[in-house]
Protein chains: 2
Amino acid sequence: MNKTIYANTQNRGDNYCKDCRARYRDLCGVMSDDTIYTLYDLGRSNKIEKGEYLFMEEAPSTYVYNISSGMLMLERIGSDGRRQIISFVYPGDFIGLTVDSNYSVSCRAVEASRFCRWKRTELEQFAEGHQNLEKSLRVIGNKVLARTIDQIFILGRKNAVERLAFFLLQTSGRQINAGLSETQLNLPMTRTDIADHLGLTIETVSRAFSRLSKDKLIELATPSLVTVLDHDQLIKCADNYKV
Amino acid sequence: MNKTIYANTQNRGDNYCKDCRARYRDLCGVMSDDTIYTLYDLGRSNKIEKGEYLFMEEAPSTYVYNISSGMLMLERIGSDGRRQIISFVYPGDFIGLTVDSNYSVSCRAVEASRFCRWKRTELEQFAEGHQNLEKSLRVIGNKVLARTIDQIFILGRKNAVERLAFFLLQTSGRQINAGLSETQLNLPMTRTDIADHLGLTIETVSRAFSRLSKDKLIELATPSLVTVLDHDQLIKCADNYKV
DNA sequence: CGCGCACTTGACCCCGGTCAAAGCTAGTGG
DNA sequence: CCACTAGCTTTGACCGGGGTCAAGTGCGCG
């Protein structure tokens, strides 16, 4: 037991937690600077390349993950091949915690990413001794749920342009709390990914981009670099967008 | 303090927990027969009539609820009036727990229903002294999340008939674990409610019902009483339906 | 018995899907 | 350094599923 901890300790990089994007968010945020090491030593830091899967739907949910950098996506693929991207995953997001013992979605890297990984059972055990962490897990779940409900509203009741406007605002919001620009949006995912997230086709997504661009609400520097020109109008367009 | 508990104790009906549909599910299910009273006495039992709101979106999330009987629905209404029903709420379901201090959706009674109500802060405080309850709250949240993800897949990637087939199977599943019939489906909600849940119009929902009926997958005794004739075929139709 | 409301069915139309072709850009190799 | 290629994106033309509008139909309730 001590040996294991010792082995992991050897893994620590120079600034292993200090410069981590996830350090003061969600899961890790509830740990003090004095106790974060105990959490760190319990898990393992690692990286994943673009296109690789972090875990697959149906597979035993052995591990839970906290994202340090990069971007991933949670996806579900129907038996006929139709794909739905549930959400994009940003640094600081905690994923992989399930009710039953199997993942309910797959997780794939949009771009090269870093993460910390814990055995689910070990983290749950650890949480039992740390009341605030247990509560944090619940809060995380509820946050995810809130976003998921937004997504349902989008898919059920909005047209193509409204969906894209909402998605861009959502991206803006996520960039803000990652300490990045509010208006310079980085979209590393492909049009296909966005389409599968918004329940549309690539062509329709592309046309929606063109439309917003023509109406001067956004500017497309490159397909993956969008500048928000008229934030207020974009909100009106997305209509029911909530912070 | 003692006085309050005493007052609530006076509220107890004859079989107040014993004959409750929610007694052995989710929230209450983690309490033993010996300790369920402490939870019961902390809250208040009440009823709500058809069409009334249990709580409204945006309002302070003062209370959390556990449903004893009847049916309710969680809905969100856009500023232009478009409505999306997030989910229908069955006996045993626990609702109202939010991240921030306001409800993110409204809850309305589909039919007359009974429920138990707690002050959120009091239940959370109570949970801190009851580890299994704290964990139960998390499990409940994850269960809800799993269903919500299913809903996203439906809305993003399925056509009208597939959506309805999925909805009927989901209803069947929920009736089973409420101890009701697997094939005789009770649909107390209106076609409008179903439409707003599946992201369709009443006309399309109606046509989908007719279609499934014509293809002998279901039988419509009355608009609100459906018999599942060919369960397997219905699953094939819904395609990606999961238990 | 008749009124009202929810549901069903039909006719038509439009948004977004499908199919096809033409840019754009990054990466490779001569 | 440039030409070539491959994959992604954009744009256009056409089509169809589901929305819209409107007219029945049936059932519960007074």
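All chains are named by letter (A, B, ...) in the order of the sequence lines, taking the proteins before the strands, and each is independently numbered beginning at 1. Predicted model only: the values in this text are computed from it and were never measured.
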Would you list the pairs meeting ring-ring contact (aromatic ring centres under 6.0 Å, His included) in which at least one residue belongs to residues 170-198 of chain B, sequence neighbours left out? Phe88(B)-His197(B), Phe167(B)-His197(B)
Going 5' to 3' on DNA chain C, which nucleotide is the first and which the last to come under 4.0 Å of a heavy atom in chain A? dG16(C) to dC19(C)
Return a table of donor-acceptor pairs under 3.5 angstrom between the side chains of residues 210-220 of chain B and protein atoms on other chains or two or more places apart.
{"residue": "Ser210(B)", "atom": "OG", "partner": "Ser206(B)", "partner atom": "O", "Å": "3.1"}
{"residue": "Arg211(B)", "atom": "NE", "partner": "Asp215(B)", "partner atom": "OD2", "Å": "3.2"}

Side chains of Ser113(B) and Ser69(B): is there a donor and an acceptor less than 3.5 Å apart? no
Is there a donor in the side chain of Tyr65(A) and an acceptor in the side chain of Arg117(A), or the other way round, less than 3.5 Å apart? no
Using a cut-off of under 3.5 Å, enumerate the N/O to N/O pairs linking the protein to nucleotides 5-7 of chain D.
none

Using five pairs at either end of the helix from dC1(C)-dG30(D) to dG30(C)-dC1(D), determine the angle between the two local helix axes and round it to 10 degrees. 30°
Pairs satisfying ring-ring contact (aromatic ring centres under 6.0 Å, His included), at least one member in residues 202-229 of chain A, at least two apart: none
Residues in side-chain hydrogen bond (donor to acceptor under 3.5 Å, both in side chains) with Tyr24(B), at least two apart? Asp33(B)
When you check every protein heavy atom under 4.0 Å of nucleotides 13-21 of chain D, what one-letter string (B, S, -) results, 5' to 3'? B----SSBB
Just jot down the salt bridge (Lys or Arg N to Asp or Glu O under 4.0 Å) partners of Arg174(B), sequence neighbours excluded, or say none. Asp93(B)
Across all chains, not counting sequence neighbours, the side-chain hydrogen bond (donor to acceptor under 3.5 Å, both in side chains) partners of Lys47(B) are none
With the threshold set at under 4.0 Å for non-hydrogen atoms, list the residues of residues 210-223 of chain B touching DNA chain C in residue-number order. Ser210(B), Pro223(B)
With Glu162(B), which residues qualify under side-chain contact (heavy atoms from CB on, under 4.5 Å), at least two apart? Arg82(A), Lys158(B), Asn159(B)
